[in-house]
Amino acid sequence: MRKDLFHGGLVPSAKSPVSSSSPGVARPAGLSLLPLETLSPEMTRRVFVNRHLRMDHIEVIGFDMDYTLALYNQPKLEALSADCTIDKMIARRGYPEALRALPYDARRAIRGLVVDRDRGNLLKMDRYGYVGRAYHGTQVLSRGERRKLYREQLVRILPTHYAWLDTLFALPEAVLYAQLVDHYEKDAAFLALPGDQKKEKYSQIWADIRESIDEAHRDDSIKRVIKADPGQYIVFDPDLPATLHRFRSAGKRLFLLTNSGLDYTQAVMSFLLDKRLSGYASWRSYFDVIVVDAKKPSFFTEQAPLLQLDADGKAVGEIDGKKAASRGRLCQGGNVQALDRLLGLRGDRVLYVGDHIYGDMYRAKRASVWRTAMIIQELEAEIQNQKRVEAELQMLEALERRRHRLEADLRYNRLLWRTVIEQGHEDAQLPLFGAHTGSDVEKQTGEEVQADLRKHSDALRVRLRETDDDMDRLEQDIEQAFNPFWGPLLKAAAENSRFGQQVEDFACVYTSRVSNFLQYAPFQHFRSPRDHLPHERVY
């Protein structure tokens with residue numbers, strides 16, 4: 001047996017005869033009969049499908065770079081980003097040196113959170129906008145406090161008052177914000193400020209963090225460190241070159257579309273792809289078109305010119321799209337229509353792979369008919385955590401079914417009560433719960449029947465409260481297994497989290513890394529599971 005590069009699985013050698021292992025199915029004689037699940041990729045390396053995607057219809061595949069082709073060592077990158085941001089805040093914005101001593105806890109932020117910049121709060125919402133968890137700085141808000149702030153008045157999520165954390169790059173900002181809120185909450189002068197001035201201070205802290213981290217990216221404070229030692233910050237994936245090669249071998253053209261400049265792109269992509277496979281002189285050889293400084297999301301919404309760059313990265317003129325793209329063509333800026341013209345095909349034949357909900361998935365869906373694949377680097381850990389609490393999840397489902405039954409029994413008991421009141425227990429045609437049936441009921445007075453029903457209803461309510469308490473404790477234990485502060489990334493209690501819902505809405509498929517496509521044939525038909533409305537489900 002050999003490991004076949006094209007199909008990504010075990011196949012028999014060319015000399016293996018073919019035998020019929022089941023009616024109508026020809027199977028190589030040298031291949032043992034294995035359960036289907038053993039032939040599938042392991043769960044953490046699978047591609048998950050929200051919308052049917054036929055790869056045989058895809059002619060061009062585009063990739064973002066950061067957190068897509070290039071996955072980062074998140075703990076090290078967050079620590080670097082936090083240090084550079086604090087340096088800027090102290091040196092340029094007058095913040096105290098004490099900030100350097102603040103403890104950085106990366107668990108304090110996950111993707112999909114919302115920053116209430118006027119109140120110093122971090123929020124996790126479900127798909128309906130319900131705030132299920134909230135922290136003021138690092139202090140948890142009670143259910144009553146959450147309700148008062150976010151349920152008793154209309155909340156409009158405006159960028160002037162709120163900020164979304166929809167990329168892994170943004171997580172250090174949220175952690176630092178929570179720490180600085182705590183820091184100023186200990187200052188007597190700050191606590192003495194009126195409410196409006198506190199809001200201004202909270203908002204200013206967020207603005208200063210955002211501007212400082214943007215400066216650290218613009219002046220290469222962060223990128224300079226990464227370029228000097230990419231192996232410390234970038235996760236090398238040995239399967240990435242083979243994945244890109246397989247797509248090319250299947251006749252698909254590839255392009256790179258990144259907001260990073262050419263200098264940084266050169267350093268990162270060289271580390272990932274140079275001298276990894278024969279037949280590719282450099283990383284540029286993998287791609288037909290390379291677009292740097294794309295300025296997403298405006299790439300999808302505006303009409304900036306698409307500029308041709310020479311080998312040294314100098315602009316030599318605008319690309320008119322009349323000539324087909326040559327291999328390794330280097331471009332800058334541009335817009336989605338110009339790139340479509342350069343590729344010479346309609347947009348539904350393009351699959352774009354990225355990591356950013358707003359800059360990649362949402363805008364690609366809204367401004368074009370490109371198909372989308374989302375890379376969620378955290379997904380492998382999420383799946384592993386889910387596997388660890390598999391028994392608890394099954395128990396939670398059993399408790400959910402018990403609650404449905406108890407609620408149904410309680411509703412039925414209320415119906416019996418009304419029937420007895422309205423018709424009298426002698427004329428009631430419905431059987432009673434409990435031991436009293438038939439002739440026993442006939443011997444009871446109306447008051448005794450009502451007392452019996454009341455007693456049974458009280459017992460049902462006790463069991464229902466106990467079941468709810470058991471479910472609450474179990475849900476807390478399950479969420480602790482994912483993140484002690486925020487729970488799972490893609491779920492919020494029984495609902496999808498806001499981030500999870502966005503993944504479902506805007507990503508045709510999603511997976512944890514680009515090289516997971518190596519587990520599938522390049523002409524794979526990715527089929528989404530059949531969806532069900534609540535009335536179609538069987539409990």
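Just so it is clear, the values below take in all heavy atoms, side chains as well, and ignore hydrogens, waters and symmetry mates.
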To the nearest 0.5 Å, tell me how far [X] [atom1] sits from [Y] [atom2].
| X | Y | atom1 | atom2 | result |
| --- | --- | --- | --- | --- |
| M374 | H356 | CE | NE2 | 9.0 Å |
| L171 | L113 | CG | CG | 8.0 Å |
| M43 | I383 | CE | CD1 | 6.5 Å |

With a 4.5 Å heavy-atom cut-off, do [X] and [Y] have their side chains touching?
| X | Y | result |
| --- | --- | --- |
| Q502 | Y358 | no |
| E173 | V115 | no |
| V47 | L53 | no |
| T511 | R46 | no |
| L464 | L460 | no |
| L77 | L168 | no |
| R473 | D469 | yes |
| Y264 | M65 | yes |

[X]/[Y] ion pair, N-O < 4.0 Å:
| X | Y | answer |
| --- | --- | --- |
| D263 | K223 | no |
| R405 | D409 | no |
| R461 | D458 | yes |
| D239 | R513 | no |
| E145 | R119 | no |
| R100 | E97 | yes |
| E211 | R92 | no |

Test your reading of the model: is there a side-chain donor-acceptor pair from [X] to the backbone of [Y], 3.5 Å cut-off?
| X | Y | answer |
| --- | --- | --- |
| Q197 | P194 | no |
| S203 | D118 | no |
| S512 | L379 | no |
| D116 | L123 | no |
| T372 | F506 | yes |

Testing the 3.5 Å rule here: is there a donor-acceptor pair between the side chains of [X] and [Y]?
| X | Y | answer |
| --- | --- | --- |
| S298 | R363 | no |
| E78 | Y72 | no |
| S221 | D87 | no |
| D472 | Q476 | no |

Determine which pairs satisfy ring-ring contact (aromatic ring centres under 6.0 Å, His included) with at least one residue from residues 367-395, sequence neighbours left out, and list them in order.
F255-W370, F300-W370, Y352-W370

How would you list all residue pairs meeting ring-ring contact (aromatic ring centres under 6.0 Å, His included) that involve residues 211-237, not counting sequence neighbours?
F169-H217

Please say which of W206, Y202, Y95 ends up in a side chain to side chain contact (heavy atoms under 4.5 Å, CB included) with L180.
Y95

Just wondering, are more than 12 heavy atoms of other shown residues or ligands nearer than 6.0 Å to [atom1] in [X]?
| X | atom1 | value |
| --- | --- | --- |
| R143 | CZ | no |
| R463 | CZ | no |
| D196 | CG | no |

Applying salt bridge (charged side-chain N to carboxylate O under 4.0 Å, His left out), name anything that partners K296, two or more places apart in sequence or on another chain.
D64, D360

Quick one: which of F517, F526, F499, F48 gives a ring-ring contact (aromatic ring centres under 6.0 Å, His included) with Y510?
F48

Atom of Y104, atom of V175 and distance for their closest heavy-atom approach:
CE1-CG1, 3.4 Å

Minimum heavy-atom distance between V292 and T265, given as atom pair plus value:
CG1-OG1, 4.0 Å

Counterpart residues, side-chain contact (heavy atoms from CB on, under 4.5 Å), relative to R107 (two or more places apart):
D105, N483, P484, F485

Taking only residues two or more places apart in sequence or in another chain, which ones pass side-chain contact (heavy atoms from CB on, under 4.5 Å) with N496?
R127, K491, Q501, E504

R133: which residues meet the side chain to side chain donor-acceptor pair (under 3.5 Å) condition with it, sequence neighbours left out?
E479

